[in-house]
Amino acid sequence: MIRTHVAMLLAYADKLDPNRAPTDEDAILERLDAWAEVLEDVEAKATHPDGHDWNAAHAVRKHIATSPFPIKASDVSRPWHAFKADLLRRHTGTFEPNEHPHVDPDDISAYRAALLADNHAVSTGQRPPTPVRAIAPAPQGITEDDVQAMRQQGDLIRHMKDAHRAARADNARRKKLVARYPDLSDQLYALPGHAAWSGSVGGNPRTAAIVAEAEQRAATARQEQAA
């Protein structure tokens, strides 16, 4: 949290428990400095995949409502770090290849940077964790035990590289297919954020509909040629 957010949090705590609020200006500033240092790596709010979202103000309210002791900065930081650890436990520590179409899996530095960025986004609630079942593609069905075994054997990165290459090939195929139909190509590249479309559908229903139409046209053309 930035210093302004910490000041707002302290104001909320003083509102809930005014009898323990400092009144001397030096004491107020000293408390703000201490809290700002402890809460520097704590988010004010963060989402949870099960709906148990994090809100620092809720941690303050819970402590004041349930504890007879004056609130300390650690009473907010401790539950935050427990929340963060829970998010990371749910995350595979990998990333979906389609979300990083421009990262070359053979570029170790870029690959690790993408992993670190994903882990940071998960740990701060900016994106949901990726569970084991969401690793893609997994044509032969990879179980959690398989993932743990591959981690121990150092094979998981190689598996993800293969998945990344397959995803890039699929993206290239979709780009080539849509380019065969100028009307569909114009529709797709006119979509927000598609000026430099990588070929990934990415869960966008409008993109998926255009790609599906191109695939249907291609299938129809093949049937007519075979007739």
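This structure is a prediction, so every number in the text was calculated from the model and none was measured.
- Atom CZ of Arg206 has 12 or fewer neighbouring heavy atoms from other residues, nucleotides or ligands inside a 6.0 Å radius.
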Would you be so kind as to tabulate the donor-acceptor pairs closer than 3.5 Å made by side chains of residues 8-15, with sequence neighbours excluded?
from: Asp14; atom 1: OD1; to: Arg31; atom 2: NH1; distance (Å): 3.0
from: Asp14; atom 1: OD1; to: Arg31; atom 2: NH2; distance (Å): 3.3
from: Asp14; atom 1: OD2; to: Arg31; atom 2: NH2; distance (Å): 2.6

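- Taking every heavy atom of both residues into account, Ser74 and Pro79 meet most closely at O-CD, 4.1 Å.
- Here the straight-line distance linking atom CD of Glu40 with atom CE of Met1 works out to 11.0 Å at 0.5 Å rounding.
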Q. Could you walk me through whether Arg174 and Trp197 pass the side-chain contact (heavy atoms from CB on, under 4.5 Å) check?
A. CA-CA 10 Å; Arg174 284 189 286 263; Trp197 182 52; 4.1 Å; yes
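- Taking the six-membered ring where the residue is Trp, Phe83 and Trp54 present tilted rings, their angle falling between 30° and 60°.
- Between Arg180 and Ala218, the shortest heavy-atom distance links the atoms NH1-CB, 4.2 Å.
- Other residues, nucleotides and ligands contribute more than 12 heavy atoms inside 6.0 Å of the NZ atom of Lys72.
- In plain terms, the two heavy atoms of Ser200 and Thr207 that are nearest each other are O-CG2, 4.0 Å.
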Q: Check step by step if side-chain hydrogen bond (donor to acceptor under 3.5 Å, both in side chains) holds for Asp86 and His48.
A: CA-CA 9 Å; Asp86 179 59; His48 190 282; 2.7 Å; yes
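- Residues Arg3 and Leu32 have side chains in contact (heavy-atom distance under 4.5 Å, counting atoms from C-beta outward).
- Here CD of Glu215 is found 6.0 Å from CG of Leu177. Values are rounded to the nearest 0.5 Å.
- Between Ala46 and Trp80, the closest heavy-atom pair is CB-CZ3, 3.9 Å.
- When hydrophobic clusters are built by joining Ile, Leu, Val, Met, Phe, Trp and Tyr residues whose side-chain heavy atoms come closer than 4.5 Å, directly or via intermediates, Val42 is not grouped with Ile2.
- A distance of 4.5 Å separates CG in Leu188 from CD1 in Ile210, rounded to the nearest 0.5 Å.
- By the 4.0 Å N-to-carboxylate-O rule, Asp41 lies too far from Lys84 to be salt-bridged with it.
- Taking all atoms of both residues into account, the shortest heavy-atom contact from Val6 to Trp35 is CG1-CB, 3.6 Å.
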Q: Would you sort out whether Leu39 and Val76 count as a side-chain contact (heavy atoms from CB on, under 4.5 Å), showing the intermediate values?
A: CA-CA 8 Å; Leu39 302 184; Val76 178; 4.0 Å; yes
Q: Dump the intermediate steps for side-chain hydrogen bond (donor to acceptor under 3.5 Å, both in side chains) on Arg168 and Asn171, then the final yes or no.
A: CA-CA 5 Å; Arg168 291 177 70 183; Asn171 288 351; over 6 Å; no
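- With rounding to the nearest 0.5 Å, the separation of CD in Gln223 from CD in Gln225 is 10.5 Å.
- Here the straight-line distance linking atom NE2 of His58 with atom CG of Asp53 works out to 9.5 Å at 0.5 Å rounding.
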Q: Could you walk me through whether Phe69 and Asp75 pass the side-chain contact (heavy atoms from CB on, under 4.5 Å) test, one step at a time?
A: CA-CA 10 Å; Phe69 301 104; Asp75 294 321; over 6 Å; no
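- The OG atom of Ser185 sits 11.5 Å away from atom NE2 of His194, with the distance rounded to the nearest 0.5 Å.
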